[in-house]
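Structure first, then comments.
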Amino acid sequence: MLQIADRLKKIPPYLFVELRKKINKARAEGIDVISLAIGDPVEPTPDAIINELCLRARDPENHRYPTDEEKGMLAFRQQVGRWYTTRYGVALDPGSEILGLIGSKEGCHHFILGCVNPGDIVLMTDPGYPAYRASILMAGGLPYNVPILAKNNYLPVFEDIPADIAKKARGMFLNYPNNPTGACATREFFDRLVDFAGQFDIAVCYDNPYGEILFDGQERLSFLMAEGAKEVGVELNSLSKLFNMAGWRIGMAVGNPDIIAAMSKVKENTDSGIFNPIQYAGIHALKYEAENIDHMLQIYERRRKMVIDSLGRIGIAFDPPKGTFYLWAPVPGGMSSLEFTNLLFDKAAIVVAAGTAYGQYGEGYIRISLTVPDNRLKEAMERIERALA
Ligand SMILES: Cc1ncc(COP(=O)(O)O)c(C=O)c1O
């Protein structure tokens, strides 16, 4: 028998791979399944971005290894710098503080490989994005779950982290607007985060791919807006959700130059950078397509209202989160998350994500994604209302 590495045995199957299998099986049996489980924008990438890709793909110069390989093209990094200045008022040096990425998911992995030694503790939130745990485990790190609870607005309470854990922690993942809860951070929270990380020498990886997906006048924030943030961490960002470019695989890490250099070193020894035409398309997106974000926000706002109203009709009333295109809703009638998701699947052929897929503190919740066309979302909510009538 060929050996498969032990490190993989510790990693649970990736949530969406399992879900996809379940959906495919039901569809093969002729069932019209509607999945509200995955956050993958369904609207196309704006035309002008696609045109830029096509144009650049015709230039043989761009068929070679990407320019400035591991870091990303200077022009892309410069445009990321301008984006951070205009959107957040944060100044970045494209030479040392910006790294192009194949999406922010890749950045999570490179952050851990760049900053964490085997046996080091890495803090992550529970509930939290499952890829963090996988990255920590693959590098031989020890994930430590920090609960984020509704009563604390889904923000970690640093004083509750035992001092011996904090002392041994070398890294921390945070993500606001938060997947899965939709909660948003505040400037005041950032100050506490910088203090805590500085006190214990913990490298922060602030994952911000939903940074612009905000409702009800919620303020757009980057962790790097906080004083001292650059001394303790990096922020990951992505074009996936903002420009409907999830499949293109383009994002960025920005912030602390030492961490950026460490991540670059990992990247340089892992892949050879982002295909130049995709970087050109990314430049175009960041430069000219910010309107797409407003356009998408109107769509998500409409769908968000549709789901909140529908859940209200079946007695699921809740304070809707102000960020991301997910709704984190409580499960009705004392059921567990899994019981409720199974019920929706069996009675209505609707797939939603069980809160427990994101950690034990997700118990009692489901996550509904708004990245489905309006007519399918309407149909899904009608089916749910009928199933629970
Ligand atoms: C919290 C979080 N981080 C990262 C990602 C991955 O984004 P990207 O497409 O940029 O790799 C996702 C995608 O769902 C996410 O929810």
Side-chain angles (χ1 to χ4, degrees), residues 14-17 19-20 35-42 45 49 72 76 80 83 98-112 122-136 143 146 148 154-156 171-185 204-214 221-223 233-254 263 267 270-271 274 278-279 281-282 285-286 293 296 300 321 323-328 353 355 357-359 362 367-372:
Y14 198 64
L15 160 76
F16 296 123
V17 176
L19 263 179
R20 215 172 290 141
S35 174
L36 310 180
I38 294 171
D40 186 358
V42 74
T45 306
I49 302 176
F76 176 70
V80 168
W83 177 262
I98 302 178
L99 172 68
L101 290 174
I102 303 173
S104 72
K105 191 172 181 184
E106 183 206 18
C108 301
H109 200 61
H110 290 358
F111 167 78
I112 290 294
V122 181
L123 308 175
M124 56 172 284
T125 62
D126 178 343
Y129 179 53
Y132 302 146
R133 181 179 309 282
S135 286
I136 299 167
V146 178
I148 51 171
Y154 296 106
L155 294 170
M172 170 167 41
F173 279 117
L174 285 153
N175 150 240
Y176 296 92
N178 182 254
N179 175 14
T181 66
C184 296
V204 174
C205 183
Y206 189 86
D207 186 18
N208 198 13
Y210 302 94
E212 309 255 344
I213 304 181
L214 302 165
L221 293 174
S222 156
F223 164 57
V234 289
E235 176 161 301
L236 305 181
N237 214 320
S238 166
L239 279 67
S240 293
K241 324 279 176 183
L242 306 186
F243 302 101
N244 310 343
M245 291 175 76
W248 295 56
R249 311 312 302 135
I250 181 162
M252 55 275 204
V254 296
M263 292 173 69
K267 196 163 167 53
T270 309
D271 65 70
I274 314 161
I278 293 182
Q279 297 194 58
L286 293 169
I293 300 172
M296 289 311 300
Y300 295 139
T324 76
F325 43 51
Y326 306 113
L327 282 169
W328 183 246
Y358 303 91
R367 194 197 73 172
I368 296 178
S369 170
L370 303 175
T371 59
V372 267

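As the structure lists them, so they are numbered: ligands from 1, and atoms in each ligand from 1.
Taking a cutoff of 4.0 Å between a charged side-chain nitrogen and a carboxylate oxygen, Glu106 and Lys267 qualify as a salt bridge.
In this view, Ser369 and Thr371 satisfy the side chain to side chain donor-acceptor pair (under 3.5 Å) rule, not counting sequence neighbours.
For ligand 1, the 4.0 Å heavy-atom shell takes in Gly103, Ser104, Lys105, Tyr129, Tyr132, Asn175, Asn179, Asp207, Pro209, Tyr210, Ser238, Ser240, Lys241, Arg249, ordered by chain and residue number.
When side chains are defined from C-beta on, Pro143 does not count as touching Phe173, because their heavy atoms never get closer than 4.5 Å. At a threshold of 4.5 Å between non-hydrogen side-chain atoms, the residues Asn178 and Thr324 do not count as touching. Counting only heavy atoms from C-beta outward, the side chains of Asn175 and Thr125 never approach each other to under 4.5 Å.
The aromatic rings of Tyr326 and Tyr210 sit perpendicular to each other, their planes meeting at more than 60°, with 30° as the lower class boundary.
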